[in-house]
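Working notes for the structure below.
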Amino acid sequence: MKKFIIGYILLVIVNSATPLSLSQFNQCTCQNAKQQDDCLIDYCIWDPNQSTCSNKSCSVFNKNDCLGVPSPFKCVWNYTSSKCESFTKCADYTFSIPDGERCYALFKCQVDVNTINNTDQTVKCMDRTSDSAKSIGSCDKVPFNECLWLVTSDGKQCIRNTQTQACETKLITKCSDYTTNDSCNTQACFWEATTCKPLTCSYFNDKSCILYFSFDFKQVTFCNWNGKSCLDLDTTTLTQQQCLSFTLYSYIWDPDTKKCEVCSEQEESSSTGFLIYTSLLMALVFN
Ligand SMILES: *[C@@H]1O[C@H](CO)[C@@H](O)[C@H](O)[C@H]1NC(C)=O
Ligand SMILES: *[C@@H]1O[C@H](CO)[C@@H](O)[C@H](O)[C@H]1NC(C)=O
Ligand SMILES: *[C@@H]1O[C@H](CO)[C@@H](O)[C@H](O)[C@H]1NC(C)=O
Ligand SMILES: *[C@@H]1O[C@H](CO)[C@@H](O)[C@H](O)[C@H]1NC(C)=O
Ligand SMILES: *[C@@H]1O[C@H](CO)[C@@H](O)[C@H](O)[C@H]1NC(C)=O
(Lines give C-alpha, C1' and ligand atoms only; values in the text may rest on other atoms or scores of the structure.)
(Ligands and ions follow the chains in the order given, each with its own letter.)
Protein backbone atom coordinates (compact mmCIF):
# COMPACT_ATOMS: atom_id res chain seq x y z
CA MET A 1 0.00 0.00 0.00
CA LYS A 2 2.80 2.39 0.94
CA LYS A 3 4.59 1.65 -2.33
CA PHE A 4 1.44 2.29 -4.27
CA ILE A 5 0.89 5.70 -2.68
CA ILE A 6 4.48 6.80 -3.23
CA GLY A 7 4.36 5.61 -6.83
CA TYR A 8 1.19 7.56 -7.38
CA ILE A 9 2.68 10.77 -5.96
CA LEU A 10 5.72 10.46 -8.23
CA LEU A 11 3.49 9.91 -11.24
CA VAL A 12 1.54 13.06 -10.44
CA ILE A 13 4.74 15.11 -10.02
CA VAL A 14 6.09 13.92 -13.37
CA ASN A 15 2.90 14.31 -15.40
CA SER A 16 1.53 17.63 -14.23
CA ALA A 17 2.30 20.30 -16.82
CA THR A 18 3.91 22.96 -14.66
CA PRO A 19 4.42 26.49 -15.95
CA LEU A 20 7.95 27.37 -17.02
CA SER A 21 9.62 30.28 -15.24
CA LEU A 22 10.66 33.15 -17.49
CA SER A 23 14.34 32.43 -16.80
CA GLN A 24 13.87 29.05 -18.51
CA PHE A 25 11.82 30.34 -21.45
CA ASN A 26 13.43 30.57 -24.92
CA GLN A 27 16.90 29.76 -23.49
CA CYS A 28 18.12 27.08 -25.94
CA THR A 29 21.08 28.03 -28.04
CA CYS A 30 23.26 26.26 -30.60
CA GLN A 31 25.66 24.99 -27.92
CA ASN A 32 22.77 22.97 -26.41
CA ALA A 33 22.39 20.92 -29.61
CA LYS A 34 24.03 17.54 -29.20
CA GLN A 35 23.00 16.26 -32.63
CA GLN A 36 23.18 17.75 -36.11
CA ASP A 37 19.38 17.59 -36.51
CA ASP A 38 18.99 20.09 -33.66
CA CYS A 39 21.80 22.34 -34.91
CA LEU A 40 19.44 24.51 -36.95
CA ILE A 41 21.27 25.59 -40.12
CA ASP A 42 19.54 28.96 -40.27
CA TYR A 43 21.07 30.05 -36.95
CA CYS A 44 23.94 27.70 -36.17
CA ILE A 45 27.09 26.08 -37.57
CA TRP A 46 27.71 22.34 -37.15
CA ASP A 47 31.30 21.16 -36.82
CA PRO A 48 31.28 17.52 -37.97
CA ASN A 49 34.79 16.87 -36.64
CA GLN A 50 34.03 17.91 -33.08
CA SER A 51 30.28 17.14 -33.23
CA THR A 52 29.62 20.57 -31.79
CA CYS A 53 27.17 23.28 -32.71
CA SER A 54 27.89 27.01 -32.42
CA ASN A 55 25.91 30.18 -33.07
CA LYS A 56 26.31 32.29 -36.17
CA SER A 57 27.21 35.93 -35.61
CA CYS A 58 24.31 38.39 -35.24
CA SER A 59 25.51 40.37 -38.27
CA VAL A 60 24.40 37.66 -40.75
CA PHE A 61 20.73 37.69 -39.65
CA ASN A 62 17.93 39.52 -41.46
CA LYS A 63 15.30 41.39 -39.41
CA ASN A 64 12.99 38.41 -38.77
CA ASP A 65 15.80 36.06 -37.78
CA CYS A 66 17.40 38.78 -35.67
CA LEU A 67 14.19 39.29 -33.70
CA GLY A 68 13.44 35.55 -33.71
CA VAL A 69 16.66 33.95 -32.44
CA PRO A 70 16.56 32.73 -28.82
CA SER A 71 17.68 35.06 -25.99
CA PRO A 72 21.20 33.65 -25.48
CA PHE A 73 22.23 34.89 -28.96
CA LYS A 74 21.89 38.43 -27.59
CA CYS A 75 21.11 39.83 -31.03
CA VAL A 76 19.45 43.24 -31.41
CA TRP A 77 17.82 44.72 -34.49
CA ASN A 78 19.05 48.29 -35.02
CA TYR A 79 16.06 50.13 -36.50
CA THR A 80 18.29 53.05 -37.57
CA SER A 81 20.93 51.17 -39.54
CA SER A 82 18.63 48.19 -40.37
CA LYS A 83 21.33 45.81 -39.19
CA CYS A 84 21.43 42.96 -36.73
CA GLU A 85 23.96 43.75 -34.01
CA SER A 86 25.25 42.24 -30.78
CA PHE A 87 23.53 43.53 -27.64
CA THR A 88 25.71 45.89 -25.62
CA LYS A 89 23.96 47.18 -22.47
CA CYS A 90 20.37 48.28 -21.75
CA ALA A 91 21.23 51.96 -21.21
CA ASP A 92 22.67 52.17 -24.76
CA TYR A 93 19.18 51.87 -26.26
CA THR A 94 16.74 54.75 -26.82
CA PHE A 95 13.33 54.49 -28.47
CA SER A 96 10.41 56.78 -29.21
CA ILE A 97 7.90 56.57 -26.33
CA PRO A 98 5.36 54.37 -28.21
CA ASP A 99 8.24 52.02 -29.18
CA GLY A 100 9.39 51.79 -25.57
CA GLU A 101 8.15 48.20 -25.46
CA ARG A 102 11.18 47.35 -27.62
CA CYS A 103 13.25 47.58 -24.42
CA TYR A 104 11.55 44.32 -23.38
CA ALA A 105 12.76 42.54 -26.53
CA LEU A 106 16.36 43.28 -25.53
CA PHE A 107 18.30 41.13 -23.10
CA LYS A 108 16.83 41.58 -19.56
CA CYS A 109 15.98 45.25 -20.08
CA GLN A 110 12.97 47.43 -19.23
CA VAL A 111 11.78 50.98 -19.88
CA ASP A 112 13.45 53.56 -17.64
CA VAL A 113 10.50 55.82 -16.72
CA ASN A 114 12.87 58.46 -15.35
CA THR A 115 14.33 59.06 -18.83
CA ILE A 116 11.07 59.96 -20.57
CA ASN A 117 11.91 63.08 -22.58
CA ASN A 118 8.77 64.97 -23.56
CA THR A 119 10.70 67.33 -25.85
CA ASP A 120 11.91 64.71 -28.31
CA GLN A 121 9.37 62.05 -27.18
CA THR A 122 11.97 59.41 -26.36
CA VAL A 123 12.70 56.97 -23.55
CA LYS A 124 15.78 54.93 -22.64
CA CYS A 125 16.09 51.35 -21.46
CA MET A 126 17.66 50.15 -18.20
CA ASP A 127 18.47 46.81 -16.55
CA ARG A 128 15.45 44.82 -15.39
CA THR A 129 14.55 45.38 -11.73
CA SER A 130 12.42 42.24 -11.31
CA ASP A 131 12.07 38.81 -12.93
CA SER A 132 8.85 39.79 -14.72
CA ALA A 133 8.77 40.08 -18.53
CA LYS A 134 6.94 43.41 -18.02
CA SER A 135 9.04 44.86 -15.23
CA ILE A 136 8.89 48.62 -14.52
CA GLY A 137 10.34 50.96 -11.85
CA SER A 138 7.05 52.69 -11.03
CA CYS A 139 3.71 53.46 -12.70
CA ASP A 140 3.59 57.21 -11.89
CA LYS A 141 5.20 58.46 -15.09
CA VAL A 142 3.90 55.78 -17.48
CA PRO A 143 1.74 57.36 -20.25
CA PHE A 144 -1.85 56.08 -20.41
CA ASN A 145 -1.33 54.34 -23.78
CA GLU A 146 1.65 52.39 -22.46
CA CYS A 147 -0.11 51.53 -19.17
CA LEU A 148 -0.63 47.84 -19.90
CA TRP A 149 -0.01 45.50 -16.96
CA LEU A 150 3.55 46.59 -16.22
CA VAL A 151 4.80 44.99 -12.99
CA THR A 152 6.72 46.85 -10.25
CA SER A 153 9.33 45.07 -8.14
CA ASP A 154 6.99 45.13 -5.11
CA GLY A 155 4.46 43.09 -7.11
CA LYS A 156 2.02 45.86 -8.00
CA GLN A 157 0.80 46.61 -11.52
CA CYS A 158 0.14 49.65 -13.70
CA ILE A 159 -3.57 49.61 -14.55
CA ARG A 160 -5.49 51.97 -16.83
CA ASN A 161 -8.31 53.96 -15.32
CA THR A 162 -10.37 54.66 -18.46
CA GLN A 163 -12.56 57.20 -16.65
CA THR A 164 -9.71 59.46 -15.50
CA GLN A 165 -7.28 58.43 -18.29
CA ALA A 166 -4.66 57.88 -15.57
CA CYS A 167 -2.19 55.06 -15.06
CA GLU A 168 -2.84 53.74 -11.55
CA THR A 169 -0.83 51.46 -9.28
CA LYS A 170 -2.81 48.46 -8.03
CA LEU A 171 -1.98 45.35 -6.06
CA ILE A 172 -2.83 42.37 -8.27
CA THR A 173 -2.51 38.82 -6.96
CA LYS A 174 -4.98 37.05 -9.26
CA CYS A 175 -7.07 37.63 -12.39
CA SER A 176 -10.20 38.56 -10.43
CA ASP A 177 -8.32 41.60 -9.05
CA TYR A 178 -8.78 43.17 -12.49
CA THR A 179 -12.26 44.55 -11.96
CA THR A 180 -13.22 45.75 -15.45
CA ASN A 181 -13.19 44.21 -18.91
CA ASP A 182 -10.77 46.93 -20.07
CA SER A 183 -8.24 46.19 -17.34
CA CYS A 184 -8.50 42.36 -17.57
CA ASN A 185 -4.96 41.25 -18.60
CA THR A 186 -5.51 39.59 -21.98
CA GLN A 187 -2.28 37.56 -21.92
CA ALA A 188 -3.07 35.78 -18.67
CA CYS A 189 -6.81 36.14 -18.15
CA PHE A 190 -10.12 36.52 -19.99
CA TRP A 191 -13.32 38.38 -19.24
CA GLU A 192 -16.45 36.28 -18.85
CA ALA A 193 -19.83 37.64 -17.79
CA THR A 194 -18.77 39.94 -14.94
CA THR A 195 -15.36 38.64 -13.88
CA CYS A 196 -11.80 38.39 -15.07
CA LYS A 197 -10.79 34.71 -14.98
CA PRO A 198 -7.45 32.90 -15.44
CA LEU A 199 -6.73 31.57 -18.93
CA THR A 200 -6.30 27.86 -19.53
CA CYS A 201 -5.22 26.24 -22.81
CA SER A 202 -8.78 25.00 -23.38
CA TYR A 203 -9.86 28.64 -23.94
CA PHE A 204 -7.93 28.85 -27.25
CA ASN A 205 -8.92 27.82 -30.78
CA ASP A 206 -6.45 26.07 -33.12
CA LYS A 207 -4.84 29.33 -34.31
CA SER A 208 -4.32 30.92 -30.90
CA CYS A 209 -3.26 27.66 -29.19
CA ILE A 210 0.37 28.58 -28.34
CA LEU A 211 0.95 29.77 -24.78
CA TYR A 212 -0.22 32.12 -22.04
CA PHE A 213 1.48 33.98 -19.20
CA SER A 214 0.86 34.15 -15.47
CA PHE A 215 -0.83 37.45 -14.46
CA ASP A 216 2.57 38.80 -13.30
CA PHE A 217 4.43 37.75 -16.48
CA LYS A 218 6.84 35.60 -14.49
CA GLN A 219 5.76 32.23 -15.89
CA VAL A 220 4.73 30.73 -19.23
CA THR A 221 2.41 27.79 -19.92
CA PHE A 222 2.70 26.10 -23.32
CA CYS A 223 -0.38 24.79 -25.10
CA ASN A 224 -0.74 22.28 -27.92
CA TRP A 225 -3.55 21.57 -30.40
CA ASN A 226 -4.38 17.86 -30.51
CA GLY A 227 -6.62 18.08 -33.59
CA LYS A 228 -9.79 18.74 -31.59
CA SER A 229 -8.93 20.94 -28.65
CA CYS A 230 -6.17 22.97 -27.09
CA LEU A 231 -4.45 21.27 -24.12
CA ASP A 232 -1.48 21.89 -21.82
CA LEU A 233 1.67 20.78 -23.61
CA ASP A 234 3.19 17.65 -22.03
CA THR A 235 6.90 17.98 -22.85
CA THR A 236 7.55 14.37 -21.79
CA THR A 237 5.66 13.11 -24.86
CA LEU A 238 7.48 15.27 -27.45
CA THR A 239 9.63 13.69 -30.15
CA GLN A 240 13.02 15.08 -31.18
CA GLN A 241 11.40 16.84 -34.17
CA GLN A 242 8.78 18.53 -31.96
CA CYS A 243 10.92 19.37 -28.92
CA LEU A 244 12.55 22.70 -29.91
CA SER A 245 9.71 24.19 -31.94
CA PHE A 246 6.73 23.21 -29.69
CA THR A 247 8.51 24.80 -26.71
CA LEU A 248 9.73 27.91 -28.56
CA TYR A 249 13.38 26.97 -28.01
CA SER A 250 13.01 26.27 -24.30
CA TYR A 251 13.57 22.48 -24.46
CA ILE A 252 15.95 20.42 -26.61
CA TRP A 253 16.34 16.70 -27.29
CA ASP A 254 18.84 14.89 -25.10
CA PRO A 255 20.04 11.82 -27.05
CA ASP A 256 21.31 10.17 -23.83
CA THR A 257 18.02 10.26 -21.92
CA LYS A 258 15.98 10.23 -25.18
CA LYS A 259 13.83 12.97 -23.69
CA CYS A 260 12.96 16.56 -24.39
CA GLU A 261 14.83 18.47 -21.66
CA VAL A 262 14.78 22.12 -20.57
CA CYS A 263 17.85 24.03 -21.83
CA SER A 264 18.57 26.43 -18.96
CA GLU A 265 20.18 25.25 -15.76
CA GLN A 266 17.69 23.83 -13.30
CA GLU A 267 16.60 26.36 -10.71
CA GLU A 268 16.76 25.87 -6.96
CA SER A 269 13.10 24.90 -6.72
CA SER A 270 13.71 22.10 -9.21
CA SER A 271 16.71 20.78 -7.33
CA THR A 272 14.60 20.86 -4.17
CA GLY A 273 12.05 18.82 -6.09
CA PHE A 274 14.82 16.43 -6.97
CA LEU A 275 15.83 16.12 -3.32
CA ILE A 276 12.26 15.34 -2.30
CA TYR A 277 12.08 12.80 -5.11
CA THR A 278 15.36 11.21 -4.00
CA SER A 279 14.35 11.07 -0.33
CA LEU A 280 11.03 9.48 -1.29
CA LEU A 281 12.97 6.86 -3.24
CA MET A 282 15.31 6.35 -0.27
CA ALA A 283 12.30 5.93 2.02
CA LEU A 284 10.96 3.36 -0.39
CA VAL A 285 14.24 1.46 -0.58
CA PHE A 286 14.99 1.43 3.14
CA ASN A 287 11.54 0.69 4.51
C1 LIG B 1 37.40 18.62 -40.31
O2 LIG B 1 38.55 17.81 -40.52
C3 LIG B 1 39.00 17.83 -41.88
C4 LIG B 1 40.13 16.80 -42.01
O5 LIG B 1 41.00 16.90 -40.89
C6 LIG B 1 39.46 19.25 -42.25
O7 LIG B 1 39.91 19.28 -43.58
C8 LIG B 1 38.29 20.19 -42.08
O9 LIG B 1 38.70 21.52 -42.30
C10 LIG B 1 37.72 20.07 -40.67
N11 LIG B 1 36.48 20.85 -40.60
C12 LIG B 1 36.27 21.76 -39.67
C13 LIG B 1 34.95 22.46 -39.73
O14 LIG B 1 37.06 22.03 -38.79
C1 LIG C 1 27.84 33.67 -30.41
O2 LIG C 1 27.21 34.57 -29.53
C3 LIG C 1 28.09 35.23 -28.66
C4 LIG C 1 27.24 36.03 -27.69
O5 LIG C 1 26.45 36.92 -28.38
C6 LIG C 1 29.04 36.09 -29.46
O7 LIG C 1 29.94 36.76 -28.62
C8 LIG C 1 29.79 35.23 -30.46
O9 LIG C 1 30.57 36.04 -31.30
C10 LIG C 1 28.82 34.40 -31.30
N11 LIG C 1 29.52 33.44 -32.11
C12 LIG C 1 29.86 33.67 -33.36
C13 LIG C 1 30.49 32.56 -34.09
O14 LIG C 1 29.65 34.74 -33.85
C1 LIG D 1 22.36 51.88 -34.61
O2 LIG D 1 22.96 52.30 -35.80
C3 LIG D 1 23.27 53.69 -35.82
C4 LIG D 1 23.73 54.03 -37.24
O5 LIG D 1 24.73 53.18 -37.68
C6 LIG D 1 24.35 53.94 -34.78
O7 LIG D 1 24.73 55.32 -34.77
C8 LIG D 1 23.79 53.55 -33.41
O9 LIG D 1 24.80 53.68 -32.43
C10 LIG D 1 23.27 52.14 -33.42
N11 LIG D 1 22.53 51.93 -32.19
C12 LIG D 1 22.99 51.18 -31.20
C13 LIG D 1 22.13 51.14 -29.97
O14 LIG D 1 24.01 50.54 -31.28
C1 LIG E 1 15.33 66.09 -24.30
O2 LIG E 1 15.56 66.08 -25.69
C3 LIG E 1 16.03 67.34 -26.18
C4 LIG E 1 16.08 67.25 -27.72
O5 LIG E 1 16.84 66.14 -28.13
C6 LIG E 1 17.37 67.67 -25.56
O7 LIG E 1 17.83 68.92 -26.03
C8 LIG E 1 17.23 67.70 -24.02
O9 LIG E 1 18.49 67.87 -23.42
C10 LIG E 1 16.60 66.41 -23.53
N11 LIG E 1 16.28 66.54 -22.12
C12 LIG E 1 16.80 65.75 -21.18
C13 LIG E 1 16.33 65.99 -19.80
O14 LIG E 1 17.60 64.86 -21.44
C1 LIG F 1 -14.51 43.07 -23.45
O2 LIG F 1 -13.55 43.81 -24.19
C3 LIG F 1 -13.22 43.21 -25.42
C4 LIG F 1 -12.07 43.98 -26.05
O5 LIG F 1 -12.26 45.36 -25.90
C6 LIG F 1 -14.45 43.16 -26.32
O7 LIG F 1 -14.13 42.57 -27.56
C8 LIG F 1 -15.51 42.33 -25.60
O9 LIG F 1 -16.72 42.36 -26.36
C10 LIG F 1 -15.80 42.87 -24.21
N11 LIG F 1 -16.65 41.92 -23.52
C12 LIG F 1 -17.64 42.29 -22.75
C13 LIG F 1 -18.41 41.18 -22.11
O14 LIG F 1 -17.93 43.43 -22.57
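In listed order, ligands and their atoms are each counted from 1.
- Every ring-ring contact (aromatic ring centres under 6.0 Å, His included) that Tyr203 has, sequence neighbours left out, goes to Phe190.
- Defined by atom type and a distance below 3.5 Å, a donor-acceptor pair is missing between the side-chain atoms of Asn32 and Thr29.
- Ligand 3 has no N or O atom lying under 3.5 Å from any N or O atom of Thr80, backbone or side chain.
- Here the two cysteines Cys53 and Cys44 have their SG atoms 2.5 angstrom or farther apart.
- Put simply, the side chain of Leu231 does not reach to within 4.5 Å of the side chain of Asn224, judged on heavy atoms.
- Smallest separation of non-hydrogen atoms from Gln31 and Asn55: NE2-OD1, 3.1 Å.
- As summarised for Cys103 and Cys125, their two SG atoms come within a distance smaller than 2.5 angstrom, satisfying the threshold.
- Within a 6.0 Å radius of NZ in Lys156, no more than 12 heavy atoms belonging to other residues, nucleotides or ligands are found.
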Show me the short polar-atom pairs for ligand 4: any N or O of it lying under 3.5 Å from a protein N or O, with distances only.
from, atom 1, to, atom 2, distance (Å)
ligand 4, 2 (O), Asn117, OD1, 3.3
ligand 4, 2 (O), Asn117, ND2, 2.4
ligand 4, 2 (O), Asp120, OD2, 3.2
ligand 4, 5 (O), Asp120, OD2, 3.0
ligand 4, 11 (N), Asn117, ND2, 2.8

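- Each of the following atoms of ligand 3 lies closer than 4.0 Å to a heavy atom of Asp92: 13 (C).
- Not less than 2.5 angstrom separates the SG atom of Cys230 from that of Cys223.
- Counting heavy atoms under 4.0 Å from ligand 3, residue Asn78 touches it through the side chain alone.
- Of all the heavy atoms of Glu85, the ones lying under 4.0 Å from any atom of ligand 3 belong exclusively to the side chain.
- Annotation for ligand 3: atoms under 4.0 Å from non-hydrogen atoms of Tyr93 are 13 (C).
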